[in-house]
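Worksheet: the structure to be examined is printed underneath.
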Protein chains: 2
Amino acid sequence: MVADDDGAFAPTTEDAPSSSGFLDDGKNTIGSQLASRLREAIISGELQAGSKINLDKARKTFNVSLSPLREGLARLISDGLVEFEDNRGYRVSPISLANLEEITTLREEFEIFALRESMRVGDVEWEGNVMRALHRLNRTERDAARPETLERWEELHREFHLTLISGCGKPILLHFCRLLLNLNDRYRRVFLTRTSGDRNVNQEHSEIAQGAVARDLDYACDMLRQHIHRTGTNLRNHLATKGIL
Amino acid sequence: MVADDDGAFAPTTEDAPSSSGFLDDGKNTIGSQLASRLREAIISGELQAGSKINLDKARKTFNVSLSPLREGLARLISDGLVEFEDNRGYRVSPISLANLEEITTLREEFEIFALRESMRVGDVEWEGNVMRALHRLNRTERDAARPETLERWEELHREFHLTLISGCGKPILLHFCRLLLNLNDRYRRVFLTRTSGDRNVNQEHSEIAQGAVARDLDYACDMLRQHIHRTGTNLRNHLATKGIL
DNA sequence: CCTTGACAGATAATCGATTATTTGGATAGT
DNA sequence: ACTATCCAAATAATCGATTATCTGTCAAGG
């Protein structure tokens with residue numbers, strides 16, 4: 001009746017803070033931890049898109065009180081992953097073809113803008129960060145058979161794209177881009193368990209990164225745009241094929 | 001000790017739902033009402049930028065409990081008007097020259113994009129809405145001596161800019177633009193009590209709107225860009241002059 | 001005189017219980 | 001049979017009290 005009889009959430013052994021007590025990622029409060037767990041649950045598809053979130057059930061599932069639960073959900077609204085209506089509660093943001101297409105379009109628009117700015121004003125440290133993020137991503141295997149590698153890859157992939165544009169010196173823009181990546185990742189996690197065969201994604205990332213640190217504005221932007229566009233097309237096909245919606 | 005001994009917030013006689021009971025703007029819950037009141041308090045400068053929000057004091061000021069207060073504040077985070085840190089509480093987002101410049105740049109980028117899209121796919125109803133918003137705005141006097149006219153003008157001005165781009169069919173993009181307008185309005189409300197003399201803002205709005213409904217893409221976008229840019233420059237000067245920061 | 005640690009007041013986070021709202025179904029009237 | 005109205009269960013919102021965390025101050029030790 002308490003925590004884990006509802007298989008949907010399956011917490012991964014992290015109830016006790018464990019011995020390596022120091023260096024907590026800033027996830028101090030229950031509300032913060034919940035936000036993280038819920039975010040992962042939504043992006044990974046564990047929580048179905050469009051479904052209603054029953055506060056009482058969630059409260060029992062996570063074994064917490066209402067206050068931190070609402071707190072956590074409220075943060076996911078900022079991320080665009082959860083919607084809310086007065087007296088009607090929370091629900092997981094629905095997915096749709098139109099939504100995916102908007103995300104792709106906006107990513108093309110904003111990320112390219114941010115990349116261009118990064119190349120214009122980014123410093124050497126930014127360049128270093130990009131190369132490091134690229135290396136770590138490319139050296140990480142993505143094995144559909146082992147979910148933990150998928151998660152790890154997703155994390156690094158996300159990190160790469162964010163690092164790429166992190167030199168732009170525009171926090172609000174970065175916030176928007178992070179948000180769009182969140183939304184986009186959900187589609188990928190749900191529909192793509194592996195990279196589609198006809199793409200060498202590693203190479204695409206390398207081309208973008210190398211163009212970026214070489215400050216070859218047009219080349220890098222073009223590569224990034226194509227990269228985002230291809231991803232969008234792939235996801236659209238999967239969405240259509242699997243007949244969701 | 002309770003509601004209105006702290007002059008800062010001065011609620012405008014809206015405790016009782018009054019007789020015209022139907023058609024409540026959807027601001028049902030205390031949390032929602034608080035979000036609105038706080039948003040207005042922040043944008044109007046009533047709550048100083050960068051200042052800490054003491055939950056206990058706010059609770060007493062508004063005469064509510066913690067839960068709805070946090071609820072309301074959480075929503076303002078999505079709006080970029082409030083920042084939050086675990087165990088450290090909430091604070092009004094600070095203002096700065098860099099922040100203002102980013103907002104202006106992003107508005108130029110995003111609003112122009114949204115306007116172009118609106119002109120591309122907007123329907124006749126959109127055109128009508130634009131003309132109506134323009135008319136209502138231009139017919140509203142902005143008298144620095146009477147604060148209520150300022151508020152009214154701000155509301156209509158904001159409405160105009162949002163309507164202008166509302167035809168684009170991209171909800172996420174609109175959300176971003178609304179957010180940027182929020183942030184921008186705060187600077188204007190604080191620094192400009194009246195239009196600067198060398199501009200005919202009414203005419204600027206008219207030019208943009210007419211270009212938009214005539215689907216003269218380049219003209220309308222250019223007018224809008226100039227409009228945003230001028231506003232940015234004005235605000236920057238005021239910010240520098242008044243020596244904030 | 002400076003640093004370190006402990007204490008106390010202030011502040012934030014959480015909980016359990018209570019109140020308000022919504023929703024679906026049953027009932028009465030046409 | 002069909003609609004409208006009223007109940008009751010489900011669900012969301014709010015409250016008051018409790019617990020946890022932080023922050024500044026002061027004293028002891030170096």
Side-chain angles (χ1 to χ4, degrees), chain A residues 1-3 6 8 11 14-17 21-38 47 50-78 82-93, chain B residues 1-3 6 11 14-17 21-38 47-48 50-78 82-93:
Chain A
M1 188 191 293
V2 205
D6 187 343
E14 67 170 10
D15 256 350
F22 55 91
L23 188 67
D24 42 35
D25 289 344
K27 300 177 178 183
N28 294 309
T29 69
I30 299 182
S32 291
Q33 292 173 259
L34 270 178
S36 295
R37 286 218 259 168
L38 286 166
L47 251 45
S51 66
K52 198 163 173 333
I53 296 173
N54 183 307
L55 291 178
D56 214 43
K57 283 176 191 152
R59 187 176 67 74
K60 284 167 185 159
T61 302
F62 289 109
N63 201 28
V64 296
S65 189
L66 273 326
S67 323
L69 181 58
R70 283 171 155 276
E71 194 89 19
L73 286 167
R75 298 201 200 164
L76 296 190
I77 295 177
S78 315
V82 162
E83 296 178 350
F84 171 84
E85 201 178 349
D86 271 353
N87 289 322
R88 212 64 68 76
Y90 302 84
R91 70 172 53 243
V92 181
S93 296
Chain B
M1 188 190 295
V2 206
D6 186 345
E14 65 170 9
D15 257 350
F22 55 93
L23 188 66
D24 43 36
D25 288 344
K27 300 176 180 185
N28 295 307
T29 68
I30 299 182
S32 290
Q33 292 172 260
L34 270 178
S36 295
R37 285 217 261 169
L38 285 165
L47 250 43
Q48 195 176 28
S51 66
K52 197 162 174 335
I53 297 173
N54 183 308
L55 292 177
D56 214 46
K57 282 176 190 153
R59 188 177 67 74
K60 283 166 185 158
T61 302
F62 288 110
N63 201 28
V64 297
S65 190
L66 274 323
S67 324
L69 182 57
R70 284 172 155 275
E71 193 88 18
L73 285 167
R75 300 203 197 162
L76 296 191
I77 295 177
S78 315
V82 163
E83 296 178 351
F84 172 83
E85 200 178 348
D86 270 352
N87 290 322
R88 213 63 68 77
Y90 302 84
R91 72 171 51 244
V92 181
S93 296

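Numbers restart at 1 for each chain; the letters A, B, ... are given by sequence-line order, proteins then strands.
Look at K52(B) and you'll find a side-chain N or O under 4.0 angstrom from OP1 or OP2 of dA12(C).
Regarding L69(A), its CG atom lies at a distance of 14 Å from the P atom of dT11(D), rounded to whole Å. With rounding to whole Å, F84(A) atom CZ is found 14 Å from dT22(C) atom C1'. For the pair D86(A) CG and dT23(C) C1', the interatomic distance rounds to 17 Å; values are reported in whole Å. When rounded to the nearest whole Å, the span between CG of N28(B) and C1' of dT19(C) equals 16 Å. Whole-Å rounding puts the L55(B) CG to dA20(D) P distance at 19 Å. Protein atom CG of N54(A) is 17 Å distant from nucleotide atom P of dT22(C), rounded to whole Å. Per the geometry, CD belonging to E85(A) stands 9 Å off P belonging to dT23(C), to the nearest Å. Taking atom OH of Y90(A) as the reference point, atom C1' of dT11(D) lies 13 Å away to the nearest angstrom.
When all heavy atoms of T29(A) and N87(B) are compared, the closest pair comes out as CG2-OD1, 3.8 Å. Of all non-hydrogen atoms in Q33(B) and N28(B), the two that sit nearest each other are OE1-O, 3.5 Å. In plain terms, the two heavy atoms of R75(B) and S32(B) that are nearest each other are NH1-OG, 2.8 Å.
I53(A) comes within contact range of the sugar-phosphate backbone alone, with a heavy-atom separation under 4.0 Å but no base atom that close.
Side-chain contact between F62(B) and I30(B): absent, with no pair of heavy atoms (C-beta onward) separated by less than 4.5 Å. You'll find the side chain of L66(A) reaches within 4.5 Å of the side chain of R59(A), heavy atoms only. Proximity of L55(A) to L73(A): side-chain heavy atoms (C-beta onward) are separated by under 4.5 Å at one or more points.
The nearest heavy atom of DNA chain C to R88(A) and to E71(A) marks one nucleotide each, and the one closer to the 5' end goes with E71(A).
In the displayed structure, K52(B) atom NZ is contacted under 6.0 Å by more than 12 heavy atoms of other residues, nucleotides or ligands.
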Using Watson-Crick or G-U wobble pairs with both distances under 3.5 Å, give me DNA chain D in dot-bracket, 5' to 3', with [ ] for crossers and | for pairs to another strand. ||||||||||||||||||||||||||||||

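Side-chain atoms of S67(A) lie closest to dT14(C) of the nucleotides dT11(D), dT21(D), dT14(C).
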